[in-house]
Undergrad: 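I have a structure I would like to understand better, so I am pasting it below and will then ask my questions one at a time.
Note that the structure is a prediction, hence the values are computed from the model and not measured. No hydrogens, no waters, no symmetry mates; every other heavy atom, side chains included, goes into these values. Remember, it's 1-based here, ligands and their atoms both numbered in the order they're listed.
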Amino acid sequence: MAKRYLGQNFLYDPSILRRIVQVAQLSREDLVVEIGPGPGRLTRMLAEKVKKVIAIELDDKLFEELKAGLAEYKNVELIHGDALKYSYENLPEFKVVANIPYYITTPIIFRLLGAKKNLISVTLTLQKEVAERIVAAPGGKDYGLLSIMVQYCTEPRLKFIIPKGAFRPVPRVDSAVVHIKVLERPSAFVKDEEFFFRVVKTAFSQRRKMLSNSLKSLREDIKERLAEAGIDSNRRPETLSIEEFARLSNILLKGY
Ligand code: SAH
């Protein structure tokens, strides 16, 4: 029995798994981390392509099955634990390839981006609507904090859709595969990343409001500072590019 609370929706179709591996652009030299290997089908394919796979599985029963089933793969290191608690920071250069448990989608993405120094790319199977938010451009309803957090330091691409019927058990939503390539340098010049994300978060916490209202809690003189950044204070957050948020946050930083 699959455990719904652990986000267990397994992929068995070899042609879909092969496409995921293809999207990840792997080589013999690669270290790959897989989050939630489940029955280990993708794990096997990865192990045949790369130097080493570290696969992190939380479920006791699946972990025991993986240990037995993957015993012959000497380049697979199985870790029994929570992928949210793993120290990605201590790894040498690595790529992530995973059909992740959907209940940890956002925290796992933020966790991985926090370890971006040695992270090369992330190939994820996740909910289609989250994938659309990750790759969204300014102007639409999908564009928000998640788009900016990801696009600030990566180049994300939506590669293909996996209909929900391809999973067992069948989940409620369709899925998509995204390839997220970590940039060598962030896509905009930001003086203080923590403050930048605070500005973005504050703006989107009231996404229907004009910036002059939603950002008032950050600065009394927000109208003047928006003018200084060359941004019309009547605009709403979803119309601002990352570059504009960066410029604004660098200006707001003065006096903080
Ligand atoms: N990758 C497999 C399984 C996907 S289902 C496949 O494509 O078939 C998600 C998997 O993540 C399950 O095996 C589940 O037990 C595991 N999992 C759930 N929460 C986890 C966590 N916090 N850390 C690591 N693995 C987790």
Undergrad: K61 and salt bridge (charged side-chain N to carboxylate O under 4.0 Å, His left out): which partner among E65, E64, E57?
TA: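 By the salt bridge (charged side-chain N to carboxylate O under 4.0 Å, His left out) criterion, K61 pairs with just one of E65, E64, E57: E65.
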Undergrad: In terms of residue, atom name and distance, what is the protein heavy atom nearest to atom 24 (C) of ligand 1?
TA: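 Result: I56 O, 3.4 Å.
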Undergrad: Tell me: protein heavy atom nearest atom 18 (C) of ligand 1, and distance?
TA: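 For atom 18 (C) of ligand 1, the nearest protein heavy atom is L6 O, 3.0 Å.
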Undergrad: Contact between Y103 and ligand 1, counting heavy atoms under 4.0 Å?
TA: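 Distance cut 4.0 Å: Y103 passes for ligand 1.
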Undergrad: Please report which non-hydrogen protein atom sits nearest to atom 26 (C) of ligand 1, along with the residue it belongs to and the distance in Å to one decimal place.
TA: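 The answer is L58 CB, 3.7 Å.
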Undergrad: Determine, using the 4.5 Å side-chain heavy-atom cutoff (strictly less than), whether V53 and Y73 are members of one ILVMFWY cluster.
TA: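 In one cluster: yes.
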Undergrad: For ligand 1, which atoms, with element, lie under 4.0 Å from some heavy atom of A83?
TA: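 Matching atoms, with element in brackets: 21 (C), 22 (N), 23 (N), 24 (C).
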Undergrad: For L62, counting its heavy atoms only, list the atoms of ligand 1 lying under 4.0 Å from any of them.
TA: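 Those atoms are 13 (O), 15 (O).
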Undergrad: Would you call L42 a ligand 1 contact, heavy-atom distance under 4.0 Å?
TA: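 Heavy atoms of L42 never come under 4.0 Å of ligand 1.
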Undergrad: Looking only at distance, does I100 have an N or O less than 3.5 Å from an N or O of ligand 1?
TA: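 No, no N or O pair falls under 3.5 Å.
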Undergrad: Would you say the side-chain atoms of D59 and H80 include a donor-acceptor pair closer than 3.5 Å?
TA: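 No - no donor-acceptor pair under 3.5 Å links their side chains.
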Undergrad: Identify the closest protein heavy atom to atom 6 (C) of ligand 1: which residue and atom is it, and at what distance?
TA: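 Going by distance alone, atom 6 (C) of ligand 1 is nearest to N99 ND2, 3.3 Å.
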Undergrad: Within ligand 1, which atoms have a heavy atom of D59 less than 4.0 Å away?
TA: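 Every atom of ligand 1 under 4.0 Å from some heavy atom of D59: 15 (O).
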Undergrad: Just to check, does K3 reach to within less than 4.0 Å of ligand 1 when the distance is taken from its heavy atoms?
TA: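 In this structure, K3 fails to qualify as a contact of ligand 1 - no heavy atom is under 4.0 Å.
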Undergrad: Apply the test salt bridge (charged side-chain N to carboxylate O under 4.0 Å, His left out) to residues E194 and R198: give CA-CA distance (whole Å), side-chain angles for both, the deciding distance (0.1 Å), then the verdict.
TA: CA-CA 6 Å; E194 213 181 302; R198 197 168 133 204; over 6 Å; no
Undergrad: Checking a contact table here: which protein heavy atom is nearest atom 17 (N) of ligand 1, and how many Å away?
TA: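 Ranking protein heavy atoms by distance from atom 17 (N) of ligand 1, first comes P101 CG, 3.7 Å.
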Undergrad: With sequence neighbours excluded, what pairs up with Y102 under the ring pair (Phe, Tyr, Trp, His ring centres under 6.0 Å) test?
TA: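 Residues passing ring pair (Phe, Tyr, Trp, His ring centres under 6.0 Å) with Y102: none at all.
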Undergrad: So for atom CZ, which belongs to R207, do other residues, nucleotides or ligands contribute more than 12 heavy atoms lying within a distance under 6.0 Å?
TA: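 Yes - once you tally the heavy atoms of other residues, nucleotides and ligands closer than 6.0 Å, there are more than 12.
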Undergrad: What protein heavy atom sits nearest atom 3 (C) of ligand 1, and how far off is it?
TA: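 That would be G36 O, 3.3 Å.
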Undergrad: Answer side chain, backbone, both or neither: which part of P37 comes under 4.0 Å from ligand 1, heavy atoms only.
TA: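 Contact part for P37 vs ligand 1: backbone (N, CA, C, O).
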Undergrad: Looking at the rings of Y152 and F197, which for Trp means the six-membered one, are their centres under 6.0 Å apart?
TA: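 Aromatic pair counts; centres sit under 6.0 Å.
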Undergrad: For atom 22 (N) of ligand 1, what is the nearest protein heavy atom, given as residue, atom name and distance?
TA: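 For atom 22 (N) of ligand 1, the nearest protein heavy atom is D82 OD1, 2.8 Å.
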Undergrad: Counting heavy atoms only, which of A2, G38, G7 is nearest atom 5 (S) of ligand 1?
TA: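 Among A2, G38, G7, the closest heavy atom to atom 5 (S) of ligand 1 belongs to G7.
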Undergrad: Taking both backbone and side-chain atoms of L11, is any N or O found less than 3.5 Å from an N or O belonging to ligand 1?
TA: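 Indeed, backbone or side chain, L11 has an N or O that close.
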Undergrad: Within the structure provided, determine whether Y103 and L6 are in side-chain contact (heavy-atom separation under 4.5 Å).
TA: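 Contact flag for Y103/L6 side chains = yes.
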Undergrad: For ligand 1, which atoms sit closer than 4.0 Å to a heavy atom of E34?
TA: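 Listed by number with element: 1 (N).
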Undergrad: Could you pull out the closest heavy-atom pair between L248 and R225, with the gap in Å?
TA: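 In this case the closest contact between L248 and R225 is CD1-O, 4.2 Å.
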Undergrad: Does NZ or CZ of R111 come closer than 6.0 Å to the centre of the six-membered ring of Y88, within 45° of the ring's axis?
TA: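 Not flagged: R111 not positioned over aromatic ring of Y88.
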Undergrad: For atom CZ of R19, is the number of surrounding heavy atoms from other residues, nucleotides or ligands below 6.0 Å larger than 12?
TA: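 No, because the 6.0 Å sphere around CZ of R19 holds 12 heavy atoms or fewer from other groups.
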Undergrad: What do you reckon, does N9 have a nitrogen or oxygen under 3.5 Å from a nitrogen or oxygen of ligand 1?
TA: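 Min N/O separation from ligand 1 is not below 3.5 Å for N9.
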Undergrad: Within the supplied structure, the quantity of interest is the number of heavy atoms (other residues, nucleotides, ligands) at a distance under 6.0 Å from K3 NZ; does it exceed 12?
TA: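 Result for NZ/K3: enclosed.
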Undergrad: So is R41 in contact with ligand 1, going by heavy-atom distances below 4.0 Å?
TA: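 Checking ligand 1 against R41, which is what was asked, there is no heavy-atom contact under 4.0 Å.
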Undergrad: Would you indicate which of Q8, K61, E57 comes nearest to atom 13 (O) of ligand 1 when only heavy atoms are counted?
TA: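 Nearest option to atom 13 (O) of ligand 1, by heavy atoms: E57.
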Undergrad: Sort and list the pairs that fulfil side chain to side chain donor-acceptor pair (under 3.5 Å) and have at least one residue in residues 114-139, not counting sequence neighbours.
TA: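 Applying side chain to side chain donor-acceptor pair (under 3.5 Å) to every pair that reaches into residues 114-139, excluding sequence neighbours, yields T105-Q127.
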Undergrad: So if I count the atoms of ligand 1 from 1 in the order they appear, which ones are less than 4.0 Å from some heavy atom of G81?
TA: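 Numbered from 1, ligand 1 contributes 23 (N), 24 (C).
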